2 protein chains.
Amino acid sequence: MKRSIEELISYLKERELRPSYQRLKILGYLLENRNHPTADEIYESLHSEIPTLSKSTVYNSLNVFVQARLVKQLTIEDSDTRYDIVTQDHGHFKCELCGRIYNFKINIDGSDTPDLKGFNIKDRNVNFTGTCPSCLKGKEIRGR
Amino acid sequence: MKRSIEELISYLKERELRPSYQRLKILGYLLENRNHPTADEIYESLHSEIPTLSKSTVYNSLNVFVQARLVKQLTIEDSDTRYDIVTQDHGHFKCELCGRIYNFKINIDGSDTPDLKGFNIKDRNVNFTGTCPSCLKGKEIRGR
DNA sequence: GTTCCTGCAAAAGCTTTGCAGAAGA
DNA sequence: TCTTCTGCAAAGCTTTTGCAGGAAC
């Protein structure tokens, strides 16, 4: 998932966004860390590398990315906002024990949602919770 | 969806929760208003009837209900927390134009999510966004 | 040279918490 | 009487905003 800086710059320029150092770093982080980070997690990770980075820049950049449809804002559970680079539709499974979030493919089509005849569906968010296989085996418990 | 007070009291007593006036009102509100209200919406609606009601009581009661699995905490979109009485699995469709939230039945089973073999699924949240039929006809736009 | 972006600090929301008095068992 | 709940105020978080200096165009 490693990308060249040029590729990231194109990502931004295509959307008429200035490729500032901070934005490139944030976007790069999202591309390399597909674990649905919160704004705070992004800030903490980049802060050591960019000591002057401010949290408002992280929030501002993320909002800009979301508006540009470059990044998707997730509300998986617990009302903590998470972010993910836009890709194809997939579901999120959050393990209640270890807190990890897993992606999974979904095959939902119109026949599964007959109530939505006549609706124009733009975005599908599917979030499951439960216990993941590792935790079912009692192997690891981290706290959420 | 109107229920008797006795029925609401049983609801609470079965879970060893004291049926205070405030809790009965909040629970009654959730049973009669199946539009996934926020804590603030519940507070505003009941405030005229119970002038002394405090917002912390609303939050506390809702948290108690959620822990008792009487109410489900929804994170549909935009990270605003909403609440709904627990019923069978159903999806939520949020119209981007009028802001209304529609329920719809879903028929997802294991064969639609092969990636989740070995996972113990406790809860399924399915949230779609888009445009509802009314707004597609250009009939009404309320702002979200 | 202009425009846009960053970073600081302050503000704005939403939600939780501590505690004294009130209500329910 | 004892326990739990309410309501107020304060605190804690997350996120947004105003603005001066700096970076990108």
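As the structure is a prediction and not an experimental result, all values here were calculated from the model.
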> Rounding to a whole Å, what distance do you find between B/D40:CG and C/dA12:P?
Replying inline: 17 Å
>> Rounded to whole Å, how long is the line connecting atom CZ of A/F65 with atom P of C/dC5?
In response: 11 Å
>> Please report the interatomic distance CG(B/N35) to CD1(B/I101), rounded to the nearest 0.5 Å.
In response: 8.0 Å
>> Can you confirm whether A/Q67 is buried at CD, in the sense that more than 12 heavy atoms of other residues, nucleotides or ligands lie under 6.0 Å from that atom?
In response: no
> Given B/H36 and B/N103, is the side-chain hydrogen bond (donor to acceptor under 3.5 Å, both in side chains) satisfied, shown in steps?
Replying inline: CA-CA 10 Å; B/H36 322 87; B/N103 293 330; 2.9 Å; yes
> Atom CD of A/Q67 to atom P of C/dC4: distance rounded to whole Å?
Replying inline: 14 Å
> Does B/L53 offer a backbone N or O that forms a donor-acceptor pair with the side chain of B/T57 under 3.5 Å?
Replying inline: no
> Hey, what do you get for CG (A/L97) to CG (A/L136), rounding to the nearest 0.5 Å?
Replying inline: 8.0 Å
> Looking at B/S54 and B/S56, what are the two nearest heavy atoms and their distance?
Replying inline: OG-OG, 2.7 Å
> For the residue pair A/F119 and B/Y102, is the inter-centroid distance of their aromatic rings smaller than 6.0 Å?
Replying inline: yes
>> Rounded to whole Å, how long is the line connecting atom CD of B/E41 with atom P of C/dT15?
In response: 11 Å
>> Can you measure A/L62 atom CG to D/dT14 atom C1' for me and round it to whole angstrom units?
In response: 13 Å
> Of all heavy-atom pairs between B/T131 and B/C135, which one has the smallest distance, and what is that distance?
Replying inline: CG2-CB, 3.6 Å
>> Quick one, B/F128 with B/F104, criterion ring-ring contact (aromatic ring centres under 6.0 Å, His included). Give me CA distance, side-chain angles, the key distance, then yes/no.
In response: CA-CA 10 Å; B/F128 289 5; B/F104 61 90; 5.2 Å; yes
> In whole angstrom, what separates B/Y43's OH from D/dC8's C1'?
Replying inline: 11 Å
> Any side-chain N or O of A/Q22 less than 4.0 Å from the OP1 or OP2 oxygen of D/dA23?
Replying inline: no
> Do B/R15 side-chain atoms and B/L70 backbone N/O form a donor-acceptor pair below 3.5 Å?
Replying inline: no
>> Give the residues of residues 45-61 of chain A touching DNA chain C, defined as any heavy atom closer than 4.0 Å, sorted by residue number.
In response: A/T52, A/L53, A/S54, A/S56, A/T57
>> Looking at every heavy atom in both A/A39 and A/V58, which two are closest together, and how far apart are they?
In response: O-CG1, 3.7 Å
>> Tell me which residues in residues 12-21 of chain A lie within less than 4.0 Å of DNA chain C, going by non-hydrogen atoms.
In response: A/R18, A/S20
>> Output the rounded distance in Å from CZ (A/R23) to C1' (D/dC25).
In response: 13 Å
> Given atom CG of A/N63 and atom P of C/dC5, what is their separation to the nearest angstrom?
Replying inline: 13 Å
> In degrees rounded to 10°, what angle is found between the helical axes fit to the five outermost pairs at each end of the helix from C/dG1-D/dC25 to C/dA25-D/dT1?
Replying inline: 40°
